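Keep in mind that what you see is a predicted model, and the values were worked out from it rather than measured. Order of the sequence lines sets the chain letters (A, B, ...), proteins ahead of strands, with each chain counted from 1.
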There are 2 protein chains.
Amino acid sequence: MSHTTDTLVLEEFLPFRLNRLSESISLKFAQHYKREYGMTRPEWRALAALGQHGELTSTQIGKFSTMHKTKVSRAVQALSKRGWLHRQRDDNDRRVEYVKLTPNGRKNYVKIVELAHAFEEELTASMDESAKATVQSALKLLEELEQPTAPSK
Amino acid sequence: MSHTTDTLVLEEFLPFRLNRLSESISLKFAQHYKREYGMTRPEWRALAALGQHGELTSTQIGKFSTMHKTKVSRAVQALSKRGWLHRQRDDNDRRVEYVKLTPNGRKNYVKIVELAHAFEEELTASMDESAKATVQSALKLLEELEQPTAPSK
DNA sequence: TCAATTAAGTTACAATTGTAACCATTGATT
DNA sequence: AATCAATGGTTACAATTGTAACTTAATTGA
């Protein structure tokens, strides 16, 4: 029927390309916060979610950072041990625990965020505005594939 | 100096977006070959490299599929055990081993490639041609960030 | 009110991965 | 030729992750 080839060119295959890009970029960024703070990726993500949204439950951290609850649990423990988080049980629903950054936690968050902004800027420094726009559009398009917009009304 | 914000919006951060996209898409595709062939991601990648390029050494498989040599080693072992690969020592350099698909290996490779093509088409079915072109350009731009083109001459 | 479900979060265990050490072999240096 | 360094590939061990079971608490509904 159609152009069914019996081979696949890996470098043209979308999942592979995305995976390769993501790995190499994430890894490069991870080196920064790993070297300077000994932080792991799940920890960075939990930190980022808390820094952006303020007080959150672990479940919410998982939602915002798309991590499984066990990863969240371990990341929260690790960040707590550093003294970067404050944890507080909900008195109405004692299963729930609210987590937020301590002053020290936020101080470090801010520093890492600076790192992040600098990293992103340096990474994309060689692209002109139109190239950047293309990347933004593409990301948006791809993200929409994931969650096909709910029919409005 | 510039627009240094003291928070980061995770959903706008390039490494995060790429990672999230890549994970969700790769995972979705992995379900196919995992369910139907019990194959892991490293195995699929090694298979893809061999299917595309023919006979390869493990080192070359690693190059083409961007995997570490231990991953390659284990993947090759697993595929061998299935009878999908044929391995042959180089007589000139007896450290090296050439790996290629057996007829049965190729038969299965072709089937999985069909899966892959179908998956990619279905995934991008909702995009029109111009959207697809945008995605292609963006991927190319991002990939160029990684390996800044060697100065010609 | 008191089982039976369900939810939030942790923990135990198995599978996967990464790092480093390791063989075996080849190539380079003397 | 004899040593030394480098290369292809595997293996051992440690760290990371994922899955499932578990704990505690809340909710449902008979």
Check whether the side chains of [X] and [Y] place a donor and an acceptor atom closer than 3.5 Å, and report yes or no.
{"X": "E43(A)", "Y": "T40(A)", "answer": "yes"}
{"X": "D90(A)", "Y": "Y98(A)", "answer": "yes"}
{"X": "E55(B)", "Y": "Q88(B)", "answer": "no"}

Rounded interatomic separation in angstrom, taking [atom1] from [X] and [atom2] from [N]:
{"X": "K81(B)", "N": "dT10(D)", "atom1": "NZ", "atom2": "C1'", "answer": "13 Å"}
{"X": "D93(A)", "N": "dT6(C)", "atom1": "CG", "atom2": "P", "answer": "17 Å"}
{"X": "L79(B)", "N": "dT10(D)", "atom1": "CG", "atom2": "P", "answer": "13 Å"}
{"X": "M67(B)", "N": "dT16(C)", "atom1": "CE", "atom2": "C1'", "answer": "13 Å"}
{"X": "D91(B)", "N": "dA24(C)", "atom1": "CG", "atom2": "C1'", "answer": "15 Å"}
{"X": "R41(A)", "N": "dA15(D)", "atom1": "CZ", "atom2": "P", "answer": "19 Å"}
{"X": "Q88(B)", "N": "dG9(D)", "atom1": "CD", "atom2": "P", "answer": "14 Å"}
{"X": "I61(B)", "N": "dG8(D)", "atom1": "CD1", "atom2": "P", "answer": "13 Å"}

Which nucleotide in the set [options] lies at the smallest distance from any side-chain heavy atom of [X]?
{"X": "V96(A)", "options": "dT17(D), dG18(C), dG9(C)", "answer": "dG9(C)"}
{"X": "K71(B)", "options": "dT11(D), dT17(C), dT10(C)", "answer": "dT17(C)"}
{"X": "R94(A)", "options": "dA25(D), dT10(D), dG18(D)", "answer": "dA25(D)"}
{"X": "E97(B)", "options": "dG9(C), dG9(D), dG18(D)", "answer": "dG9(D)"}
{"X": "T59(A)", "options": "dG18(D), dA8(C), dT19(C)", "answer": "dA8(C)"}

By nearest heavy atom, map S58(B) and R74(B) onto DNA chain D; which one lands nearer the 5' end?
S58(B)
Heavy atoms only, 4.0 Å cut-off, all strands: where does [X] land among base, sugar-phosphate and nothing?
{"X": "R87(B)", "value": "sugar-phosphate"}
{"X": "D90(B)", "value": "nothing"}
{"X": "T57(A)", "value": "sugar-phosphate"}

d(H117(B) NE2, D6(A) CG) to nearest 0.5 Å is 8.5 Å
Scanning both residues in full, the closest heavy-atom pair of A49(A) with I61(A) reads CB-CG2, 4.4 Å
Looking at dA7(C), does its base get a donor-acceptor pair with the side chain of R95(A) below 3.5 Å?
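Such a pair exists between side chain and base.
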Can we say E143(A) and R17(B) salt-bridge, meaning some charged N sits less than 4.0 Å from an Asp/Glu carboxylate O?
yes
Give a yes/no answer on whether the side chain of Q77(A) brings an N or O atom under 4.0 Å of OP1 or OP2 in dG9(C).
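For Q77(A), the contact criterion (side-chain N or O under 4.0 Å from OP1 or OP2 of dG9(C)) is not met.
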For a quick test of reading the model: is some side-chain N or O of S73(A) closer than 4.0 Å to OP1 or OP2 of dT10(C)?
yes
Judged by each residue's nearest nucleotide on DNA chain C, which is more toward the 5′ side, V72(A) or K34(A)?
V72(A)
